[in-house]
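For reference, the structure discussed in these notes is given below.
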Amino acid sequence: MWDVEGKKTRMSVTVFVLTFFSTTQLICGSPPDIQDLNFTVSVDENTETLTTIETFSVSDPDGDSVSCNLAGGGTLFNLYSASATSYAINVLSNSAGFNYDFTASYALSVNCTDINGESTSASIQVDINPDQAPTITHPPSAVKVSENTVALTSLYNLTVTDPEDDPMYCNLTNVNPSSNSFAMWIATSSVYRFYLLGSQRLDYSTVPLYTLRFACSDSWGTSTSTLIVEITPNMYPVFSNLPGTATFSASSTGVGTSIFNVTATDVDSSTLTYSIEASNPSSSIFQINSVTGVVTNTQHLKYVLNSVYYLTIKVTDGKGSTNGTLTIILTNVNTAPTIQNLDNSISVLETTASGSAIYTLVIVEPNAYDTVTTSYSITPADKSSLFSFDPTTLKLSVNGTLDYETQSSFTIKFTVTDGKASSGPYTLTITIKDENEACFFDRTKYFTSTYEASAGMGSMDPGFIVSDHDNGDTYTLSIQYSASVFSNYFKIDSASGIITFAVDYNVDQGAYPSSGNLNVICTDTGNAMGTATVSVSIYDTNDNAPEFPQIAYVLYPSQYLNPSDVILYLAATDKDSGDNAKITYTWTAQMGGSTYYQLSATGRVYIARDLSDLSYGQTYQFVVQAIDHGSPALTGTTTIDIIYRQSITTTTTPNTTTVTTTTTTKAPTFLDYPANIAMVVLMCLMALALLSFLAYYLYKYCKKPGGCKIKSWKTPMNKSVSPTKPNPTKTSFDFWNETSDSNFKSKPFSGKRNSNETKIPMPAPVL
Ligand SMILES: *[C@@H]1O[C@H](CO)[C@@H](O)[C@H](O)[C@H]1NC(C)=O
Ligand SMILES: *[C@@H]1O[C@H](CO)[C@@H](O)[C@H](O)[C@H]1NC(C)=O
Ligand SMILES: *[C@@H]1O[C@H](CO)[C@@H](O)[C@H](O)[C@H]1NC(C)=O
Ligand SMILES: *[C@@H]1O[C@H](CO)[C@@H](O)[C@H](O)[C@H]1NC(C)=O
Ligand SMILES: *[C@@H]1O[C@H](CO)[C@@H](O)[C@H](O)[C@H]1NC(C)=O
Ligand SMILES: *[C@@H]1O[C@H](CO)[C@@H](O)[C@H](O)[C@H]1NC(C)=O
Ligand SMILES: *[C@@H]1O[C@H](CO)[C@@H](O)[C@H](O)[C@H]1NC(C)=O
Ligand SMILES: CC(=O)N[C@H]1CO[C@H](CO)[C@@H](O)[C@@H]1O
């Protein structure tokens, strides 16, 4: 960089030049005297502006005033007069000025002249000292760093100085392979420190070595160097005591017992973490403290069922891990109870009686002194009360009424435990088997009624509501005919339940009962039956008019009868029943006679007045009506002819002098019809009109003198016959006199007989 030999040469030349100038001045008087001016000065390249690089003083032996100037340095230097006798040479500018590489030395001359013109010159050589880059204390060939090294670890302390003590700056210029894991930061003015950053983990397996290039610069130059960083691989932790074995008695090892202390070492990590990676058989009953490596049990070991556990234990330094096996051997291990006859499926009839046992569990518990407890759950839970389980007998029983339609299947899960270990759940599946269930009525007894009617009529709806538990079952209704004769009078619609008459039903005269019970049966699809009783009432309809035994009566009351004597008991009949059969009698006198004869409402025809006013043969006719109490009322009609007749035989106790005659026989069905009755009445009226007509003409005819020559065939009518005392002597036969009727005893009767009377044969009396 610089040549010591070269500098010595230039100094010799300078000495020569100065010697020459001094000699010249001695010739002309006394020139100024320059003192203390060094022949040569050295100045740093980076000398600052206005730095004084040399001072000198000047004096004149003659006492003249002296002035000096400087030449040879261009504008880089100037001469500053501090006083009349002292001067300083200053650097004027260094910015573009000194550059050793172009000008290594400047030759300046100082010329001092007094007022007499005498001058002295002196030369000064200014040598420029070249500036130097910082000096790096070279690092060792390499630093070793573990790949586990954590962030912000210092890797190396670099000492760097600058010969000129210039401000300097060092930084990393390149990392190979590229990485941003390194930094170079200033620590003190002369120490730069290399750091490992956390931005990228070191990994020996991928990059085992980094080359860090760095540079230190001052404003005049740069020094560079290289730091080699060698990555050393992580060392795995190593177990100290695995594989290992621990032996415990299961029955007496409580929870939290220290089972084993796992230990491990690691040369390049201080923090190790332990874990149980696997357990064979699988179990969480053992745990390891991740920091201390202490293995403990989380449960009393009486609950465990295995006698050997193999634990795979892992220890890791965060980067690498090692596995080890810990074998735990247990003695006195518990055995869980088991249910031998489950899982299983059974089917149970829905008709199974409540209380019936349907299954008995078989439980095995190997440990003689253990007590087994059984628990169970039933699905569906809301019907769980349908079963009960006896923990002593281990019997499962039906507890209620099973119903296939409501729930056809149950699942019961049993679990057994000896208080330490359990087994299960074991499943018992119960299938409910359907049985046909009888249809049933909503009531046991129904009530219904109707009026008597003909077969097929008389519709009655008792309002049956029939149900059946079986899904999809239908039913039909029928009457149990064998239950009673009454049953046979009815039919039932098998679907609607409407009951009608099977016969022409008539309660008249008790022909059919007016009430009774029917047994109605529903029969479902499966032929199961339900029964109900129907109480049936049948009301009478007023469909029969009262009927007289005879359509006409002829009575012959005699002179022996007294007022209030009953001469006829009318007994019309009505085939209806109840009020419909009650009868009230009235009559209508056709041609008077009500004075002598009366009819009570109950049907008694009796003498109302002494008959002796009447003449024998006096006849009255009455039309009698028997009216029933139905609504509307029906009427039966008959006629009564009452003929007053002399009784020949005497009787001490004249009783009924009734003589009934069957003058005609009743046409059985003709008058059953109201229309016929009306027709008869009509015809009677017509006959009456005809008779009236004839009577009128007869009257007109007879009214003429001698006009009437026809003898009346029946004179008693309206003919006054004066009664006489009874004549004890029997007279000649007379219709009005009783003759051979043995029922009427002869009685002395004296009465004037009209010879004109026409006798009509007397019918045989009917009693
Ligand atoms: C000049 O020389 C004197 C004596 O010879 C010395 O003391 C002084 O330091 C020198 N000056 C410089 C700037 O070298
Ligand atoms: C660097 O110096 C600091 C401070 O003296 C020290 O803590 C650190 O360990 C040193 N680094 C190395 C790599 O020696
Ligand atoms: C190092 O410093 C120099 C000067 O300040 C700068 O120019 C350069 O970019 C820097 N290099 C890095 C890698 O920072
Ligand atoms: C494990 O270490 C603890 C103390 O740190 C000790 O009390 C315990 O007995 C040890 N366990 C075993 C199984 O040695
Ligand atoms: C350690 O054991 C675990 C679990 O068995 C396994 O996944 C892992 O690979 C093992 N590690 C070593 C280093 O054997
Ligand atoms: C058996 O049924 C009765 C009556 O429903 C009930 O009170 C009881 O709780 C039932 N038993 C069980 C074990 O469910
Ligand atoms: C008249 O005859 C009827 C029926 O034969 C009888 O019930 C009644 O007691 C008799 N009366 C007299 C007064 O004899
Ligand atoms: C040696 C030298 O150059 N001397 C000069 C000093 O200055 C005076 C006046 O300017 C000159 O005359 C000298 O020749």
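Atoms within a ligand are numbered from 1 in the order they appear, just like the ligands themselves. Here the structure is a predicted model, which means the values were calculated and not measured.
Counting protein heavy atoms only, atom 11 (N) of ligand 5 is closest to N323 ND2, 2.9 Å. Nearest protein neighbour of atom 14 (O) of ligand 6, counting heavy atoms only, is S385 CA, 3.2 Å. Ranking protein heavy atoms by distance to atom 12 (C) of ligand 6, first place goes to N399 ND2, 3.5 Å. For atom 9 (O) of ligand 4, the nearest non-hydrogen atom of the protein is S258 OG, 4.4 Å. With respect to atom 13 (C) of ligand 5, the closest heavy atom belonging to the protein is S321 O, 3.9 Å. Nearest protein heavy-atom neighbour of atom 10 (C) of ligand 4: N261 ND2, 2.4 Å.
In this structure, atom 7 (O) of ligand 4 is not in close contact with the protein, since no protein heavy atom lies within 4.0 Å of it. Within a 4.0 Å radius of atom 4 (C) of ligand 6, the protein contributes no heavy atom.
Residue-environment remark: OH (Y512) exceeds the threshold of 12 foreign heavy atoms within 6.0 Å. By the neighbour-count criterion of 12 heavy atoms within 6.0 Å, atom NZ of K395 is sparsely surrounded, having that number or fewer from other residues, nucleotides or ligands.
Within the 4.0 Å heavy-atom criterion, the part of I259 lying near ligand 4 is the backbone and not the side chain.
Heavy-atom contacts of S388 reach the following atoms of ligand 6: 13 (C) (cutoff under 4.0 Å).
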Verdict with supporting geometry, F490 and Y481, ring pair (Phe, Tyr, Trp, His ring centres under 6.0 Å): CA-CA 9 Å; F490 299 90; Y481 292 115; 9.4 Å; no

Check step by step if side chain to side chain donor-acceptor pair (under 3.5 Å) holds for S154 and R193. CA-CA 7 Å; S154 74; R193 194 167 293 158; 5.0 Å; no

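Using modelled atom types, one finds no donor on one side chain facing an acceptor on the other under 3.5 Å when comparing E230 with T232. For the residue pair T379 and T411, no side-chain donor N or O sits within less than 3.5 Å of a side-chain acceptor on the partner.
The CZ atom of F414 lies 9.0 Å from the OH atom of Y359; values are rounded to the nearest 0.5 Å.
Remark: the backbone N or O of V507 is paired with a side-chain donor or acceptor of E452 at under 3.5 angstrom.
Distances from ligand 6 to the non-hydrogen atoms of F387 include at least one value under 4.0 Å.
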